[in-house]
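Reading through the structure tokens given below for one structure.
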Number of protein chains: 2
Amino acid sequence: MESKSSSAAFRAFCSQHGLAATHQRQILFEVVQEMEGHPSPEEIYARVRRRIPSISLATVYKNLHLFVESGIVGEVSLHHGSLRIETNRTAHHHLVCRGCKSITDLDEKSFRLEMEHDHISAAFQVERYSIEVVGLCPACKKE
Amino acid sequence: MESKSSSAAFRAFCSQHGLAATHQRQILFEVVQEMEGHPSPEEIYARVRRRIPSISLATVYKNLHLFVESGIVGEVSLHHGSLRIETNRTAHHHLVCRGCKSITDLDEKSFRLEMEHDHISAAFQVERYSIEVVGLCPACKKE
DNA sequence: TGACAGACGATAATAGTTATCTTCTAATAG
DNA sequence: CTATTAGAAGATAACTATTATCGTCTGTCA
């Protein structure tokens with residue numbers, strides 16, 4: 001059964017990460033996995049409230065952080081939270097540390113990229129692309 | 001002379017965009033272009049204050065927006081400002097509209113990428129990479 | 001079944017950013 | 001070269017997203 005297996009996955013997730021299997025956490029777990037696209041905390045909050053009207057937004061945030069840390073969901077941008085200006089106007093890419101959020105420029109020559117344009121709708125006007133290489137910088141790796 | 005040509009570039013920029021060539025704007029223009037990396041508004045503000053101690057943070061923000069719009073600087077992430085959760089855990093890339101900030105997933109197969117690993121420090125532990133294709137979606141293109 | 005660590009909810013606090021409003025100044029017409 | 005005026009700057013209030021705090025409640029495990 002759907003709910004059985006989903007519940008089992010949730011319990012496994014909680015015990016793997018030493019977390020209590022609470023009702024709020026379980027609904028969040030389910031909702032996050034059934035949502036498509038790139039929802040914001042507010043959108044997730046709105047959706048969870050349909051099932052638990054009394055849930056707190058703080059609970060949503062706290063659990064989203066746990067989910068991101070554990071890897072069951074990702075974050076679209078590691079450097080949201082503050083505007084960052086790009087002064088290097090030549091084509092280049094980014095090396096991003098998921099620990100300290102540092103960003104290092106990579107020369108365009110570091111990659112050879114072939115785009116299969118068929119896969120991108122002709123109606124979308126492509127202006128540029130950039131590659132984000134994500135991982136851990138030497139300092140953060142030590143931890 | 002350095003300052004001559006910089007000043008000429010600034011004046012050209014202003015008249016191209018119908019902007020008044022004010023002192024604050026000029027210092028910001030210069031500072032932003034001489035900064036390396038990916039400075040935040042606060043960092044730029046701190047630096048500009050060394051030359052104009054009385055400048056307001058609001059002025060920094062207003063001018064940074066103008067600079068971004070005009071293209072003389074870029075923004076590192078088009079979707080900062082709010083956490084966005086990634087529920088799709090399979091390898092994929094993003095099609096991002098710089099107008100409405102919408103994000104569409106692209107299949108991993110859309111690209112063929114060869115990384116010249118020599119260019120990335122061996123000390124950086126690469127975990128994944130993702131390609132961001134930036135441009136205008138059909139709806140935003142109409143404007 | 002208790003005791004307790006950890007989770008929840010309510011809400012205050014903070015950080016980043018934007019809006020408002022008043023004063024000032026660059027652009028330009030005369 | 002001055003007067004006019006649209007736009008710019010500065011001060012600061014307001015707003016949005018996020019995090020911290022704290023009292024209460026509830027899974028977990030002995």
Side-chain angles (χ1 to χ4, degrees), chain A residues 7-8 10-32 38-49 51-70 73 75-85 101, chain B residues 7-8 10-32 38-49 51-70 73 75-85 101:
Chain A
S7 171
F10 173 67
R11 294 187 165 276
F13 164 78
C14 287
S15 71
Q16 266 172 45
H17 294 274
L19 298 172
T22 66
H23 184 226
Q24 288 86 338
R25 186 166 284 152
Q26 174 160 13
I27 302 304
L28 266 163
F29 183 88
E30 292 171 10
V31 160
V32 154
H38 310 86
S40 67
E42 284 288 344
E43 288 165 340
I44 293 165
Y45 177 52
R47 182 109 167 217
V48 172
R49 276 217 281 189
R51 291 171 69 180
I52 314 178
S54 63
I55 198 167
S56 162
L57 179 59
T59 300
V60 173
Y61 270 98
K62 282 181 280 204
N63 280 288
L64 286 180
H65 287 313
L66 292 172
F67 293 169
V68 169
E69 279 168 34
S70 73
V73 298
E75 12 180 359
V76 173
S77 170
L78 294 177
H79 28 69
H80 73 272
S82 160
L83 176 65
R84 298 294 205 88
I85 293 300
K101 267 66 176 177
Chain B
S7 171
F10 171 68
R11 292 186 166 276
F13 164 77
C14 288
S15 70
Q16 265 172 45
H17 295 274
L19 298 171
T22 66
H23 184 228
Q24 288 86 339
R25 185 166 285 153
Q26 174 159 14
I27 302 303
L28 267 164
F29 183 88
E30 291 172 11
V31 160
V32 153
H38 310 85
S40 65
E42 284 288 346
E43 288 165 341
I44 294 165
Y45 177 53
R47 182 107 166 222
V48 172
R49 276 217 280 189
R51 291 172 69 182
I52 312 178
S54 63
I55 200 167
S56 162
L57 180 57
T59 300
V60 173
Y61 271 98
K62 283 181 281 202
N63 279 289
L64 286 180
H65 288 312
L66 292 172
F67 293 170
V68 168
E69 278 167 37
S70 73
V73 297
E75 5 180 5
V76 173
S77 170
L78 294 177
H79 27 70
H80 71 274
S82 160
L83 176 64
R84 298 294 206 88
I85 293 299
K101 267 66 176 177

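A, B, ... follow the sequence lines: proteins, then strands. Residue 1 opens every chain.
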_Let me spell it out: for each of A:Thr22 and A:His80, pick the nucleotide of DNA chain D with the closest heavy atom. Which residue's pick is nearer the 5' end?_
A:His80
*Starting at the 5' end of DNA chain D, which residue's closest nucleotide do you reach first, A:Ala21 or A:His65?*
A:His65
*Is the backbone of A:Ser40 close enough, under 3.5 Å, to the side chain of A:Glu43 for a donor and an acceptor to pair up by distance?*
yes
*Which residue, B:Glu42 or A:His23, contacts DNA chain C at a nucleotide closer to its 5' end, judged by nearest heavy atom?*
A:His23
*NA contact type, B:Ser40, heavy-atom cut-off 4.0 Å: base, sugar-phosphate, or nothing?*
nothing
What distance separates [X] [atom1] from [Y] [atom2], expressed to the nearest 0.5 Å?
X       : Y        : atom1 : atom2 : value
A:Ile44 : B:Leu83  : CD1   : CG    : 7.5 Å
B:His65 : B:Glu69  : NE2   : CD    : 8.5 Å
A:Ser77 : B:Arg84  : OG    : CZ    : 10.0 Å
A:Tyr45 : A:Leu64  : OH    : CG    : 12.5 Å
A:His80 : A:Lys101 : NE2   : NZ    : 8.0 Å
B:Asn63 : B:Leu28  : CG    : CG    : 5.0 Å

*Residue pairs fulfilling salt bridge (charged side-chain N to carboxylate O under 4.0 Å, His left out) with at least one residue in residues 11-27 of chain B, sequence neighbours excluded*: none
*Which angle, rounded to 10°, do you find between the first-five-pair axis and the last-five-pair axis of the helix from C:dT1-D:dA30 to C:dG30-D:dC1?*
30°
*Identify, residue by residue, the members of residues 55-62 of chain A with a heavy atom below 4.0 Å from DNA chain C, and return them in order of residue number, or none.*
A:Ile55, A:Ser56, A:Ala58, A:Thr59, A:Lys62
*Taking all non-hydrogen atoms of both residues into account, name the closest pair between B:Ser70 and B:His17 and its distance.*
CB-CE1, 3.3 Å
*Using a heavy-atom cut-off of 4.0 Å to chain A, what are the terminal contacting nucleotides of DNA chain D, in 5' to 3' order?*
D:dA17 to D:dT28
*Decide side-chain contact (heavy atoms from CB on, under 4.5 Å) for A:Arg47 and A:Val32; before the verdict, give the C-alpha distance in whole Å, the side-chain angles of both, and the deciding distance to 0.1 Å.*
CA-CA 9 Å; A:Arg47 182 109 167 217; A:Val32 154; over 6 Å; no
*Does B:Arg49 have any salt bridge (Lys or Arg N to Asp or Glu O under 4.0 Å) partners at least two apart in sequence or in another chain, and if so, which?*
none
*Over 12 non-hydrogen atoms of neighbours within 6.0 angstrom of NE2 in B:His23*: no
*Give me the ring orientation class for B:Phe67 and B:Phe29: parallel if the planes are under 30° apart, tilted from 30 to 60°, perpendicular past 60°.*
perpendicular
*asked:* For a 4.0 angstrom threshold against heavy atoms of chain B, report the outermost contacting nucleotides of DNA chain C in 5' to 3' order.
replied: C:dG16 to C:dA27
